[in-house]
Q: 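Okay, handing you the structure first.
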Amino acid sequence: MDRKKVKRSPEVGGGDGHNLEENTKDLNLSDIAAIKNSFTRLKKKRHKHKMHKPKLSPFEERYSWLYSENKLKPEDKRIDYVLVYPVPKDYSHDAARAQAEEKKTVKREKFENLILGEGFLIQKTTIKENVFVKLHCSFKRLCYEAEKVKLEMPLKDCRIPEGEPHSILGRFIADHLETDGEVSDFVSTPFRMSKVDRFDKYEDPENFFRPALRSLLVDHILSNIDISESEAKKKEDAGVEPSVGGCLESILCCGDSKPGMPKDLQNKNVCTKRGLPYLLMKNVYTEAFILHDESLHRKSKMENIPPQSGNMFTETDAYNQNITDARKELNDKWTRPLAYQPMWHIRNYFGEKIAFYFAWTGMLVTTLWIPMFFGFAVFLYGLHKSITDTSAARNGTGSAELQNVLEDIKRAFDNDVTPFYSLFICCWGTIFLEVWKRQSARLAYEWDVDMYEANEPDRPQFKGTRFKKNPITSEIDWYYPFGMRALKFATSGMVFIVMVIVVIASVISVIIYRVIISIDYCPTMSNQACFVLTTIVSSVLNAVSIIILGLIYDKLAVMFTDWENHRTQTDYNDSLILKVFTFKLVNSYASCFYIAFFRGQTGRSLLESRYVDSCEGSCMTQLSFQVMTLMLTRPLSKFVSDVGIPIAKNIVKKMKIIKLCKSMLCCRKNQVKIENEEENTPQAIFLFNEWSKPSLGDFTLGEYTEKVILYGYLMLFACSFPLAPMIALIVCMIDIRVDAKRLLWLFRRPVALISADIGMWYNILTFLNLLGVLSNAFIIAFTSNWGSQFSMMGKLWVIIGFEHIVLALKFFLAFIIPDVPQDVTLAMRREKYLIHKKLEKEIDVKITTGFNELFPDSEKKLSSEPSKVTSKGTLLAAGNGTNPAPNYRMNFLSPEHNVDTGDSFGPSPDISTQTFCIKFKQT
């Protein structure tokens with residue numbers, strides 16, 4: 001065979017084909033076989049090349065293009081999560097402890113192998129007696145998780161313009177009070193990896209997800225990694241059939257396999273999911289936390305040592321980088337007096353759940369200014385009236401004048417304006433909740449959490465004792481019987497009743513103390529000393545009792561909520577909130593309700609006939625001082641527990657850090673080789689410093705509880721203490737700044753959880769508003785001097801009239817105030833339009849054939865297929881391209897034409913539209 005002729009042949013890839021007929025004349029069968037073999041080898045080679053070159057996804061293609069065009073910004077490997085476990089010790093002398101330690105090591109290795117497969121990078125640092133496992137999650141894995149949980153992300157070039165303030169007040173607020181002016185809002189939509197180029201900052205993987213979202217996504221990934229699946233797979237590969245009963249015993253399901261278990265489910269893995277929460281519960285890892293962002297602003301001498309950057313997979317010094325100090329910026333704006341909180345910065349750093357708490361507290365502070373001025377004016381009016389009424393009777397000096405001043409202050413809280421002030425406060429409560437509802441809707445829209453969906457995993461502490469087959473997934477679903485949980489609820493209720501009895505006993509004890517002092521000792525004392533010992537000291541004793549019993553019940557509430565075996569964290573939190581708040585409601589307000597409605601009403605003695613607990617003058621005075629004492633003592637105790645105790649613990653822990661740093665500096669100065677260089681790097685010091693901080697725990701639970709109790713004093717006893725709004729305003733303003741310091745500098749950084757509102761706390765506030773209407777109505781009628789002028793029937797009419805007027809006003813205000821601002825509603829509609837325009841513009845339908853063809857030449861291709869009969873007996877046939885099938889005739893229905901069958905289309909509504917109906921009728 002002439003090889004030159006073959007190479008020039010177009011079939012082999014050579015030649016131009018002009019002399020094809022001339023070249024192929026001399027080919028014989030062997031030449032044709034050689035050409036065929038050449039084609040076969042070439043085809044296999046090309047197919048093999050295609051097989052070795054994987055097809056890229058749109059996500060990978062986009063970033064490949066960015067890299068080729070030098071538009072992809074490099075990503076620094078920042079630490080997203082830190083796990084801690086103690087350095088393994090030698091337990092060769094103790095077989096049981098050695099076996100337990102070996103099991104922990106095996107589980108730890110399995111978990112770390114799994115997270116390596118999930119796109120994590122792992123580095124370990126040993127400091128003192130602990131191993132710090134530093135985790136970095138890849139950008140691609142974060143994108144996958146964001147799409148999985150339907151996380152909303154801002155679209156590129158879809159910035160929402162902010163309107164300029166036109167009024168003088170608006171410009172003043174924007175210039176002097178606003179702290180989020182430089183933050184931009186974007187139109188957002190659920191993230192999709194295939195359209196990553198449509199989202200803002202997609203070319204910058206390091207800053208695509210804000211720090212709060214990174215912590216949320218990483219925590220979600222680690223919580224849902226299941227090491228039980230890897231164990232079951234290994235057993236299956238080894239030929240060992242997994243034991244259902246043993247698995248349940250060894251983990252959490254507490255029970256063997258049921259005798260009635262279906263055979264088709266016998267070999268399925270029914271173990272409870274075992275992720276990071278399970279490993280923490282089993283002490284495989286002792287602690288897990290998130291690092292604060294690096295900051296040049298330090299709150300102690302210890303932190304003046306240059307820390308390692310948050311990008312701690314590299315050993316560059318943070319002080320040599322041009323970085324954004326997010327913590328310092330947030331601290332400077334957040335702690336400014338008389339300025340709005342930087343809500344966007346708080347949300348970006350701590351997440352929506354904590355941000356919603358501070359937004360609610362800030363709204364409370366903003367709306368309290370008018371009640372504060374009104375209440376202060378009511379107090380001044382009462383003080384002026386009291387001084388005027390008693391000025392003629394004053395004739396002493398010295399202590400007598402001091403006594404007169406105290407008497408004037410005591411009478412100032414109860415005056416003729418009290419009923420109107422109570423009505424105003426009840427209406428203010430409704431306005432506050434309606435304004436907050438509007439603000440909550442605005443924040444949920446702007447923060448893109450109004451449509452957030454998360455696949456909440458089971459709590460690792462959940463123990464299922466029975467199973468059922470999931471009708472959707474056909475997998476085993478372990479659950480806890482409702483009857484067992486109801487029995488535990490009843491037991492928790494009995495414990496609650498016992499604690500309420502203890503609260504009542506403590507209140508009675510304080511009452512007995514006050515009665516004995518007033519009867520046996522006050523006659524020999526001055527009025528000032530008697531007032532201090534009876535009113536002030538008894539209020540302080542009651543406050544101390546409330547604090548102690550509250551701490552005891554908090555422990556019991558957590559213990560019994562754990563025992564109730566809730567499946568999800570949301571159910572657990574709701575149950576705990578109900579327990580804690582219900583007890584705090586009784587514990588905090590029991591003494592006030594006693595003074596308002598029972599003290600001095602019955603005239604009965606407690607011990608002997610002469611020990612009668614009566615009010616000196618009006619019980620309104622004792623109620624006012626009781627409310628004032630409780631509103632002042634609770635914040636003080638909270639400040640000690642939130643700030644004083646953590647500072648003391650940090651001082652003790654930082655002594656170790658000082659020792660560590662001194663050794664580092666000494667070694668650097670003297671150039672002495674140290675034993676463990678890992679412990680003496682800025683990175684290690686920063687890690688150890690963050691680890692030494694206490695955990696924040698459930699921050700929002702404690703803070704909401706304290707603020708709602710304070711709100712309850714304001715609403716339930718408004719008429720007795722007009723200065724309550726002033727105290728609440730001062731306490732909230734101070735607490736916001738204290739909490740800012742706590743979150744930024746004193747405690748570990750919490751996981752940035754997403755929330756769409758304040759949850760069930762809104763319902764609790766609504767309940768307090770309604771209870772406040774009844775409470776103030778009864779206090780006005782039965783306790784105040786204004787109500788003493790009426791008979792019993794008149795007092796009942798006062799209660800009915802006050803209650804009807806206030807409820808009518810509350811419902812009217814709630815009706816006229818929209819729940820969602822109009823501009824937010826319009827913005828949501830426009831956002832839907834922009835999202836459709838941005839993401840779906842490439843889905844325009846382009847029709848290349850007529851409407852009578854399903855696809856090109858469909859009439860010819862379908863006509864060759866045999867007719868088929870469906871289950872309903874209707875004959876399916878295809879005609880040719882021009883004429884209908886012979887089994888059918890075509891009816892063009894005019895407005896006057898009706899088909900002679902019962903399937904009439906009816907007349908056309910508008911013949912000018914040139915629309916017509918086509919109906920195929922079988923002949």
Side-chain angles (χ1 to χ4, degrees), residues 76-88 104 107-109 111-116 118-138 141-142 206 209 211-225 275-295 303 305 307-316 318 326-327 349-351 650 653-654 656-657 660 676 678-697 743-753:
D76 289 332
K77 303 297 188 294
R78 62 176 294 132
I79 291 182
D80 295 316
Y81 224 90
V82 179
L83 306 177
V84 184
Y85 65 91
V87 176
K104 292 181 181 180
K107 291 179 181 179
R108 193 158 44 238
E109 290 177 353
F111 182 74
E112 292 174 2
N113 289 333
L114 286 175
I115 62 177
L116 282 174
E118 292 287 338
F120 281 77
L121 296 179
I122 299 178
Q123 280 187 0
K124 295 185 179 182
T125 301
T126 302
I127 304 176
K128 297 300 182 182
E129 302 294 331
N130 296 286
V131 178
F132 291 79
V133 183
K134 299 172 292 183
L135 305 180
H136 169 76
C137 186
S138 63
R141 183 61 180 89
L142 290 175
E206 183 178 357
F209 295 104
L213 282 184
R214 289 188 70 97
S215 68
L216 171 69
L217 294 174
V218 173
D219 183 75
H220 197 274
I221 295 171
L222 297 177
S223 298
N224 286 278
I225 289 178
L276 179 59
Y278 167 81
L279 299 178
L280 291 171
M281 184 184 67
K282 293 296 182 180
N283 287 326
V284 176
Y285 294 102
T286 55
E287 292 181 271
F289 61 94
I290 301 170
L291 293 176
H292 277 288
D293 285 2
E294 55 202 353
S295 176
E303 293 185 347
I305 296 177
Q308 173 62 35
S309 167
N311 308 319
M312 287 161 55
F313 278 82
T314 59
E315 286 295 334
T316 56
R327 269 206 293 175
Y349 195 84
F350 291 109
N650 281 342
K653 287 187 176 181
K654 286 180 179 179
K656 302 178 181 179
I657 307 177
L660 175 65
N676 189 357
E678 282 185 313
E679 296 185 2
N680 298 290
T681 61
Q683 179 184 124
I685 298 173
F686 185 67
L687 274 175
F688 194 82
N689 188 26
E690 291 294 309
W691 172 74
S692 300
K693 296 178 181 179
S695 176
L696 194 62
L743 289 171
L744 289 171
W745 310 109
L746 298 180
F747 286 81
R748 293 178 185 171
R749 186 176 185 173
V751 176
L753 300 178

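Keep in mind that the numbers below use all heavy atoms, side chains included, and drop hydrogens, waters and symmetry copies.
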Q: Any idea which heavy atoms bring Tyr285 and Leu276 closest together, and the distance?
A: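 Reported closest heavy-atom pair: CD1-CD1, 4.3 Å.
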
Q: Report yes or no: does Thr125 contribute a side-chain atom to a donor-acceptor pair with the main-chain N or O of Phe132 at less than 3.5 Å?
A: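 No, because the side chain of Thr125 does not come within donor-acceptor range (under 3.5 Å) of the backbone of Phe132.
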
Q: Using modelled atom types only, decide if a donor and an acceptor are shared between the side chain of Asn224 and the backbone of His220 within a distance under 3.5 Å.
A: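 It does hold such a pair.
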
Q: Considering non-hydrogen atoms only, spot the tightest contact between Phe747 and Pro694 and give its length.
A: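 Residues Phe747 and Pro694, closest heavy atoms: CD2-O, 3.4 Å.
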
Q: Are the side chain of Asn113 and the backbone N or O of Glu109 linked by a donor-acceptor pair below 3.5 Å?
A: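 Indeed, once roles are kept as given, a pair shorter than 3.5 Å links the two residues.
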
Q: Which heavy atom of Ile290 sits nearest to which heavy atom of Arg749, and what is that distance?
A: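 Closest heavy-atom pair between Ile290 and Arg749: O-CB, 3.5 Å.
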
Q: Which heavy atom of Ser692 sits nearest to which heavy atom of Phe688, and what is that distance?
A: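 So the two residues come closest at OG-O, 2.7 Å.
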
Q: Rounded to the nearest 0.5 Å, how far does CG of Leu83 lie from CD of Glu287?
A: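 Nearest 0.5 Å value for the CD-CG distance: 10.5 Å.
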
Q: Would you call the rings of Tyr349 and His292 parallel, tilted or perpendicular, where under 30° means parallel and over 60° means perpendicular?
A: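 Taking His292 first and then Tyr349, their aromatic rings lie parallel (interplane angle under 30°).
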
Q: If you round to the nearest 0.5 Å, how far is CZ of Arg214 from CZ of Arg78?
A: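 Answer rounded to 0.5 Å: 6.0 Å.
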
Q: If you compare all heavy atoms of Pro211 against all heavy atoms of Asp293, which two are closest, and at what distance to 0.1 Å?
A: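 The pair with the smallest heavy-atom distance is CG-OD2, 4.0 Å.
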
Q: Quick one: pull up CG in Leu142 and CG in Leu213 and give me the separation to the nearest 0.5 Å.
A: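 The CG atom of Leu213 is 9.5 Å from CG of Leu142, to the nearest 0.5 Å.
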
Q: Please identify which of these residues, Ile122, Ile221, Val82, meets the side-chain contact (heavy atoms from CB on, under 4.5 Å) condition with Leu135.
A: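 The option that passes is Ile122.
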
Q: Closer than 3.5 angstrom, by distance alone: can the side chain of Asp80 be matched with the main-chain N or O of Cys137 as a donor-acceptor pair?
A: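 Here the side-chain-to-backbone pair exists.
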
Q: Are the side chain of Arg748 and the backbone N or O of Ser695 linked by a donor-acceptor pair below 3.5 Å?
A: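 Flag not set: sc Arg748 to bb Ser695 has no pair under 3.5 Å.
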
Q: On a heavy-atom basis, which atom in Glu112 and which in Val133 lie closest, and how many Å separate them?
A: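 Looks like OE2-CG2, 4.1 Å.
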
